[in-house]
Structure formats: structure tokens, C-alpha cells
Asks: 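What follows is a structure written as C-alpha cells; I'll ask about it next.
Convention: sequence-line order gives letters A, B, ...; per-chain numbering from 1.
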2 protein chains.
Amino acid sequence: MGRNKEEAGASSGRSGGRRVTLARIAEELDVSAMTVSNAYNHPDRLSGVLRGRIFETARRLGYHGPDPVGRSLRRQRTDVVGVLYSNPLSYAFDDPAAVSFLSGLSSVTEEADLGLLLVPAARGVSGERDPRAAAQAAVDGFVIYSMSDREPLLAAALDRRLPAVVVDQPFKAGVPFVGVDDEAAARTAAEHLLHLGHRRFAVASFALSPDVRDGIANPVRQERAAFSVSRLRLRGYRAALEDAGLPWSGVPVYECPGSSKEFGQRAAGALLSPGRGPTAILALSDQLALGVIAWATGRGLSVPEDVSVVGFDDIPAAAGADPPLTTVHQDHAEKGLRAGRMLVSRLREEDGPGAGPLATRLVVRGSTSPPHER
Amino acid sequence: MGRNKEEAGASSGRSGGRRVTLARIAEELDVSAMTVSNAYNHPDRLSGVLRGRIFETARRLGYHGPDPVGRSLRRQRTDVVGVLYSNPLSYAFDDPAAVSFLSGLSSVTEEADLGLLLVPAARGVSGERDPRAAAQAAVDGFVIYSMSDREPLLAAALDRRLPAVVVDQPFKAGVPFVGVDDEAAARTAAEHLLHLGHRRFAVASFALSPDVRDGIANPVRQERAAFSVSRLRLRGYRAALEDAGLPWSGVPVYECPGSSKEFGQRAAGALLSPGRGPTAILALSDQLALGVIAWATGRGLSVPEDVSVVGFDDIPAAAGADPPLTTVHQDHAEKGLRAGRMLVSRLREEDGPGAGPLATRLVVRGSTSPPHER
DNA sequence: GTGAAAGCGCTAACAC
DNA sequence: GTGTTAGCGCTTTCAC
């Protein structure tokens with residue numbers, strides 16, 4: 001028989017100074033802690049009556065089930081997936097591509113009953129993120145989203161030898177990868193403009209390396225870019241133009257610190273200002289492309305008559321833009337689904353989806369046309 | 001002196017079957033576990049030399065710092081904030097208002113070096129979410145975003161007696177709240193249309209209760225709505241119309257299961273179909289309003305000439321819509337900031353921002369005009 | 001069906 | 001500066 005003594009303020013999980021634990025409930029009912037644990041984790045291993053008394057006592061004492069941390073320590077798993085991002089977290093929510101990605105990822109993790117932990121990693125002086133963040137995250141695995149090649153945070157995460165999936169960049173041997181063929185996709189974008197007859201190009205790029213710059217990036221910096229996505233897209237553009245006999249040295253690449261409409265406007269200002277500017281602008285992202293268009297139309301230039309603009313990503317706003325944006329489509333939500341499924345299957349030690357790049361396709365809309373005679 | 005024996009495969013954190021722990025490093029160097037712990041947590045309490053040997057040995061053995069779970073158990077804190085959402089997680093990423101909110105919230109939590117855990121809570125048959133999710137989340141506090149009034153998940157979270165903040169709904173005595181005065185704000189939206197001369201109204205609403213419906217909701221269901229945001233906005237509309245002498249019974253309220261452009265189109269189909277329809281539609285969200293506009297223009301009706309439409313939220317797409325949407329502005333990112341600051345200050349047991357509703361304002365754009373004579 | 005023993009990995013508090 | 005003790009709350013294993 002339980003002693004059943006009333007506790008003052010028993011309604012709170014931490015009243016009276018002492019937290020209510022499994023052991024406390026067990027003591028109260030003169031059963032073992034194991035039995036109380038079983039009541040929550042293996043209800044079939046108890047008589048219904050005892051289970052009822054346990055829950056009743058728990059309710060009375062303000063106990064709301066096994067402490068998740070004690071549980072995780074003992075079971076050696078947390079049922080949480082960590083997400084590592086190359087930028088401050090709040091940037092992710094301002095980036096439509098990242099949001100679509102997280103939407104896909106979260107639908108898989110939630111389905112698998114796993115939490116999604118957005119890992120906070122303060123940015124250091126060099127633009128790199130605090131690697132200790134990866135060591136301190138209580139997770140069963142990582143989804144690493146779009147990191148630069150030699151980011152210490154990435155190394156720290158992989159060092160933990162937990163299941164991990166890398167998305168977009170960088171490609172690391174031995175680590176499952178989800179992404180597209182950026183070089184080939186960028187190439188099709190440039191070829192589209194070449195077919196239309198353009199000969200004078202400029203590029204609006206987002207960051208090439210964590211040590212962010214704002215200005216024209218020379219070919220050396222381009223090839224050394226720590227962000228492989230940037231490097232590969234530039235390579236794709238370059239290959240297409242050089243195949244058409246155009247010297248890459250004549251193509252200014254404006255590097256913005258980030259990927260936003262505002263930066264796109266700034267890039268446009270630098271690229272389009274002088275009299276005889278480019279007739280076509282290749283943007284590494286839709287956000288940048290939209291900024292370019294906004295700047296151009298704001299200056300009385302018309303798109304595509306005066307300048308053609310091509311983006312990359314096909315974010316939701318691309319189709320609705322004025323003019324609708326010609327861009328390289330990639331399925332960001334699908335990336336999240338795929339990354340999630342790969343990681344979940346690894347956590348369960350089952351077979352999951354295989355590797356191989358996701359598809360892209362050029363979507364021709366209203367922001368490109370043959371160059372206008374000037 | 002350390003024994004320094006080489007271990008096979010020492011490069012992995014869990015090689016040789018046995019995980020590498022603090023104690024293992026301590027043993028290797030013939031120091032106490034405490035000293036190794038101090039090397040990571042209180043570097044100033046060791047000689048630089050010893051610290052160096054410890055890190056060197058850790059590196060050699062593949063130890064990457066104290067296990068986060070063991071650490072959390074001992075310290076009785078996780079440095080993680082849990083986010084509870086009224087819908088499946090992936091919906092949050094498809095809702096521009098929620099995304100802005102998370103952007104604001106994450107910037108505060110990251111600044112405070114706290115992780116953000118998106119808690120997975122499967123949806124039960126009644127539309128309610130699994131309350132066990134709240135009991136199993138390893139967090140120091142909760143941000144509860146837009147729950148229905150009697151959601152078991154909400155009760156389960158509050159039962160844990162952790163610091164918590166509720167955003168948008170429901171208002172619970174004793175729990176810090178962040179939100180706007182929905183009733184007053186909705187009222188201004190309806191008054192705007194009344195001033196323009198409208199007399200025939202209809203409402204496009206998102207869910208009133210977790211047991212989702214799709215169709216006209218009668219006044220009883222309206223008043224019983226478990227989502228206080230829905231209830232209050234409807235009350236605001238109603239108060240304005242009744243003050244103008246219009247009977248609420250003449251105003252159809254179409255309840256959609258969710259808040260999306262697609263649902264808005266469906267609502268418009270039901271509300272605008274018959275010959276003599278409303279001249280103005282009040283939508284409980286911009287997403288719904290945008291759907292209404294899309295349906296109307298797709299049917300050859302022009303907005304605002306044939307129907308005026310007012311939204312609620314002022315999401316980024318509202319200003320760029322065609323026509324630009326008249327709507328009630330509220331600052332979702334600010335909500336996230338405020339909720340984050342309130343919670344962080346509570347976790348630190350400091351004073352934080354006080355209560356009080358955030359401001360809203362009616363933004364008149366192109367989707368409203370005086371009613372056209374028919 | 002129920003329980004005893006053991007220990008998951010770590011650090012606060014306090015010696016020395 | 002470094003070490004000792006103790007225990008955070010839980011569940012695996014195995015016995016009964």
C-alpha cells in the first residue's frame with residue numbers, strides 16, 4: 001500500500017524545492033522505479049490497475065513523465081536532428097530557398113517523430129561560425145546546409161561521427177550529399193542568353209567566401225571560392241561564354257556579401273551604370289536577379305529590352321515578378337525531403353534514397369529576349 | 001606521467017566499441033576527470049601546459065568535448081528553447097507570417113546562444129496534436145505559437161512549469177503573452193469598407209477550431225471558435241457592421257481548413273458565385289485575400305471595381321500583389337523578437353520586456369474602393 | 001508482471 | 001591548480 005501522504009504545493013513539478021522524479025513516484029507507491037518507468041514506456045508490462053494508480057499519483061504530485069534529458073543519457077539517443085547553416089539562423093528564414101528546404105526537411109523529421117534543432121553558431125571575425133556549436137548540440141545526426149569548403153563548424157560536426165548529410169555544398173567524400181549539378185545548370189543559363197544573341201555579359205554573385213567582400217571579384221578569387229556552389233556556377237557561365245569565343249576577362253563579376261534583393265540592386269548599380277554596359281546579367285540567385293530588375297526598371301531601363309536577366313533557384317516570387325524571371329529551376333523542398341529521408345534511414349540503420357544530383361531545368365520567362373540594338 | 005598507450009582506430013569518437021569519454025582522457029593522462037572537464041569549461045583553472053596535453057590527447061583519441069546530454073543532465077539545463085506550433089511543422093514554413101516570426105525569434109535565441117528546437121507533434125484524429133511531444137522535449141523553456149484555446153499540447157507544455165511565452169493565442173492568465181488586439185484591428189478593416197460605402201459583405205476565414213471544416217460557419221460556431229484569433233477578428237468585423245446597422249446574419253462566413261491562397265480561391269468560389277454577391281470581402285489573412293483576388297480576376301471580375309478585398313497580416317507579398325492588397329499590418333518579426341526577449345530574460349531570471357499588445361495599422365492600397373453600381 | 005543492480009557522461013561543491 | 005565525492009534522472013539487463 002502506498003503511504004499517500006499529501007505534499008504541500010504538489011501541483012508543480014518542482015515545488016517544495018525538490019523536483020518530482022520517477023523515484024519519487026515509486027517511493028510514494030512502494031513500487032520500484034522500474035515499474036514507474038515501464039508505466040510510461042512499456043504500458044503492456046504492467047497491470048492496468050497499477051498503471052492507473054501510477055498515473056494518478058503522478059498527476060497528484062505534478063509529475064509529467066520521464067525527464068527527457070535523463071532518458072536521452074540512458075538510451076544514448078535524443079530523437080533530435082541538428083541543422084547547421086552557413087549563416088546566422090535568421091538569414092535562413094529570410095531566404096526563400098532555405099525556407100522551402102526546411103519545409104521539406106521538417107515534414108520528414110516530424111513524420112519520423114524527430115525534433116529539429118536549429119543550432120546556434122555565432123559568427124567569428126573571419127566570417128566563420130563557432131565550431132563549438134556542433135560539439136554542444138544534443139542530437140543524433142546532422143543536416144549540414146550549404147557550408148563553405150573548409151568551415152571549422154563543418155569539420156567539428158563531421159568529427160562527431162554521427163550520421164550526417166550535406167546539402168548543396170561542400171561535397172565531401174564519404175558523406176551523403178544532396179544537391180544539383182550547379183556547373184551544368186549555370187551553363188544552360190548562359191547558353192540561353194548566347195542563343196538569344198547576347199555578347200556583353202556581367203555577373204551578380206553572392207558570397208564566394210566567408211570573408212565577405214562587396215565589389216568586383218577577379219578570376220583568381222573566383223576559382224578559389226570557398227563556397228563550391230558559387231565557384232561551380234561561375235565555372236558554368238565561364239565555360240559557356242568561352243565556348244562561344246567570349247573572353248571571360250571581359251565579364252565583370254560583382255560579389256555581394258549575401259543573396260538578397262537589396263544586394264542585387266547594389267550589384268546592378270555597379271554593373272549597369274556606365275554608358276556601354278552589358279546586355280545581359282547572369283545572377284547567381286533569384287533574389288539577386290530580382291534586385292537587378294528592380295534597379296534597372298527604377299532607372300528607366302526596361303527588362304528585357306535594355307537588359308536581359310537570368311536568375312537561379314526559381315523561388316516562388318520568380319514567376320510572379322514583373323517581368324516574370326527566366327531562371328534555373330531547382331526543387332528546394334524536394335532537397336529537404338531527400339536530405340531528411342537519407343538521414344532518417346541512416347539513423348534507423350536502414351537503406352535510404354541513393355545519391356545522385358537532383359534535376360534542374362531552365363525556365364524561360366519574360367526577363368530575357370534578344371539584345372536590343374543600341 | 002600518462003601511459004600513452006596507442007589505441008587502434010583512435011580517430012573515431014566511438015571506435016573500438018567503447019566511446020571516448022572525459023574519464024577515458026583523464027585515465028590516459030593520470031589526472032582526474034574534473035580536470036579534463038575544467039579544461040573545456042573553465043580553462044582558467046588549469047595550467048596552460050596541462051590544458052595543452054589534455055586537448056592533444058583528446059584529439060589523438062577522437063574526443064571532441066563533453067557530451068551534451070551528460071552535461072545537460074548534470075547542469076540541469078539544455079540551452080535550448082522549444083517551439084510549439086498549432087500545425088504540422090512544415091506548414092509553418094509555408095506560412096509567410098510564421099516564417100517572419102521565426103526569423104525574429106531565431107535572431108534573439110542565436111544571440112543568446114540558445115538552440116531552437118522545433119518540436120514534432122503528430123496530429124491526432126480530432127485535429128489536436130500529441131501532447132506527449134511537450135513532455136519529451138529537452139528544453140529550458142517554450143515559445144508557444146498560435147495554439148487553440150484548449151489544446152492538450154498547450155496544457156502539457158505549461159504543466160512542465162518551465163518558462164514559457166504564448167504568441168498570438170490563446171491568452172492564459174499568468175503566462176506572458178505577445179500579440180495584437182485582433183478585435184480592434186479587424187474592426188478598423190471593416191470600418192474602412194463601410195466608410196467607402198459598402199453594405200454587402202462576406203468573410204473568408206481560416207480554421208475556427210482544430211476539428212477543421214470547409215464551408216459556411218454559423219454564428220454559434222463563430223462564437224465558440226477554439227482559436228481566439230479567429231473568434232476575435234470575426235467579432236471585430238461584426239461589431240463594426242452592426243454599429244453601422246447591418247445585420248450580421250446577412251454576412252456569410254466561409255471557414256477554410258487553413259490559411260493559403262488555394263483555400264482563399266475556394267472561399268471566393270463559394271462566396272462570389274451567385275449573381276448578387278457581396279461588394280466587399282473581409283479575409284482573415286492575406287493568404288486568403290490573395291486567393292480571393294486570384295479567383296475573382298480569373299473569373300473576369302475586377303478588384304476593386306467589382307469586389308473590394310481586405311486582408312490581415314501585411315505579409316511581404318501583399319504590397320506586390322495585383323492590385324496591391326489593403327490589409328491590417330502587423331509586425332511578425334517584431335513578435336518573434338519580443339517573444340524571444342521575454343523568454344530569454346525569464347530563463348536568465350532578469351527583467352524583460354513587459355506585456356501589452358503590439359501595434360497594428362490599416363494599410364490602404366489598391367484592393368479596396370467604393371462599391372461599383374450594378 | 002515486477003524488481004535489483006548498475007551505470008549512461010558529466011560537473012557543483014567543496015577540499016587540499 | 002588539482003582532486004574527491006556525490007549524484008543529476010533515467011532505463012538496460014537480467015532475475016524472479
Asks: Under a 4.0 Å threshold between the charged nitrogen and the carboxylate oxygen, would A:Glu56 count as salt-bridged to A:Arg59?
Replies: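 Salt bridge between A:Arg59 and A:Glu56, a charged N being under 4.0 Å from a carboxylate O: yes.
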Asks: With sequence neighbours excluded, what pairs up with B:Val178 under the side-chain contact (heavy atoms from CB on, under 4.5 Å) test?
Replies: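 Applying side-chain contact (heavy atoms from CB on, under 4.5 Å) to B:Val178 gives B:Val165, B:Val167, B:Lys335, B:Arg338, B:Ala339, B:Met342, B:Leu358.
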Asks: Pick base, sugar-phosphate or nothing for A:Val69, based on heavy-atom distances below 4.0 Å to the nucleic acid.
Replies: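 Nothing, no nucleic acid heavy atom in range.
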Asks: Give the B/S/- string for nucleotides 10-16 of chain C, one per nucleotide from 5' to 3', where a protein heavy atom under 4.0 Å of the base yields B, of only the sugar-phosphate yields S, and otherwise -.
Replies: BBBB---
Asks: Expressed in angstrom and rounded to an integer, what is the separation of B:Leu29 atom CG from D:dG3 atom C1'?
Replies: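 Going from B:Leu29 (CG) to D:dG3 (C1'), I get 15 Å.
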Asks: Under 4.0 Å, heavy atoms only, any strand: does A:Leu46 hit a base, just the sugar-phosphate, or nothing?
Replies: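 Sugar-phosphate, backbone atoms only, no base.
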Asks: So if I take every side-chain heavy atom of B:Arg19 and compare against C:dG9, C:dG3, D:dT2, which nucleotide ends up nearest?
Replies: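 So the side chain of B:Arg19 is nearest to C:dG9.
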Asks: Who pairs with A:Tyr40 by ring pair (Phe, Tyr, Trp, His ring centres under 6.0 Å), at least two apart in sequence or on another chain?
Replies: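 Here the qualifying residues are A:Phe55, A:Tyr63.
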Asks: For D:dG3, does either OP1 or OP2 sit under 4.0 Å from a side-chain N or O belonging to B:Thr35?
Replies: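 Yes, within the criterion.
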Asks: For the pair made of CZ in B:Arg24 and P in C:dG9, what is the distance, rounded to whole Å?
Replies: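 So the CZ-P distance, B:Arg24 to C:dG9, works out to 13 Å.
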Asks: Rounded to whole angstrom units, what separation is found between the CD atom of A:Gln76 and the P atom of D:dC10?
Replies: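 After rounding, the gap between these two atoms is 16 Å.
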Asks: Side chains of A:Arg51 and A:Asn38 only: does a donor on one sit below 3.5 Å from an acceptor on the other?
Replies: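 Side-chain D/A pair, A:Arg51 to A:Asn38: absent.
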Asks: In whole angstrom, give the distance that lies between atom CD of A:Glu27 and atom P of C:dT2.
Replies: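 From A:Glu27 CD to C:dT2 P: 19 Å.
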Asks: How long is the straight-line distance from NE2 of A:His42 back to CG of A:Leu46, given to the nearest 0.5 Å?
Replies: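 A:Leu46 atom CG to A:His42 atom NE2 measures 10.5 Å (nearest 0.5 Å).
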Asks: Tell me which residues in residues 112-121 of chain B put a heavy atom below 4.0 Å from DNA chain C, sorted by number, or none.
Replies: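 Within residues 112-121 of chain B, no residue comes under 4.0 Å of DNA chain C.
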Asks: State whether the side chain of A:Ser37 and the backbone N or O of A:Ala33 hold a donor-acceptor pair below 3.5 Å, judged by distance alone.
Replies: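 Judged by distance alone, no pair lies under 3.5 Å.
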Asks: With sequence neighbours excluded, tell me which residues meet salt bridge (charged side-chain N to carboxylate O under 4.0 Å, His left out) with B:Asp130.
Replies: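 In terms of salt bridge (charged side-chain N to carboxylate O under 4.0 Å, His left out), with neighbours along the sequence ignored, B:Asp130 is linked to B:Arg132.
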Asks: Could you check how far CZ of A:Arg77 sits from P of D:dC10, rounded to whole Å?
Replies: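 Whole-Å distance recorded here is 17 Å.
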Asks: Looking at C:dT2, D:dG1, C:dG9, which one has an atom nearest to any side-chain atom of A:Leu50?
Replies: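 Closest nucleotide to the A:Leu50 side chain: C:dT2.
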Asks: Residues in ring pair (Phe, Tyr, Trp, His ring centres under 6.0 Å) with B:Tyr145, at least two apart?
Replies: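 In terms of ring pair (Phe, Tyr, Trp, His ring centres under 6.0 Å), with neighbours along the sequence ignored, B:Tyr145 is linked to B:Tyr85, B:Phe101.
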Asks: To the nearest Å, how far apart are B:Arg51 CZ and D:dT2 C1'?
Replies: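 Rounded to whole Å, this separation is 14 Å.
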Asks: Any chance you could measure B:Leu117, atom CG, to B:Asp140, atom CG, to the nearest 0.5 Å?
Replies: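 B:Leu117 CG to B:Asp140 CG: 11.0 Å, rounded to 0.5 Å.
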Asks: Measure the distance from CG on B:Leu73 to P on D:dA6 and round it to the nearest whole Å.
Replies: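 It is 18 Å, rounded to the nearest whole Å.
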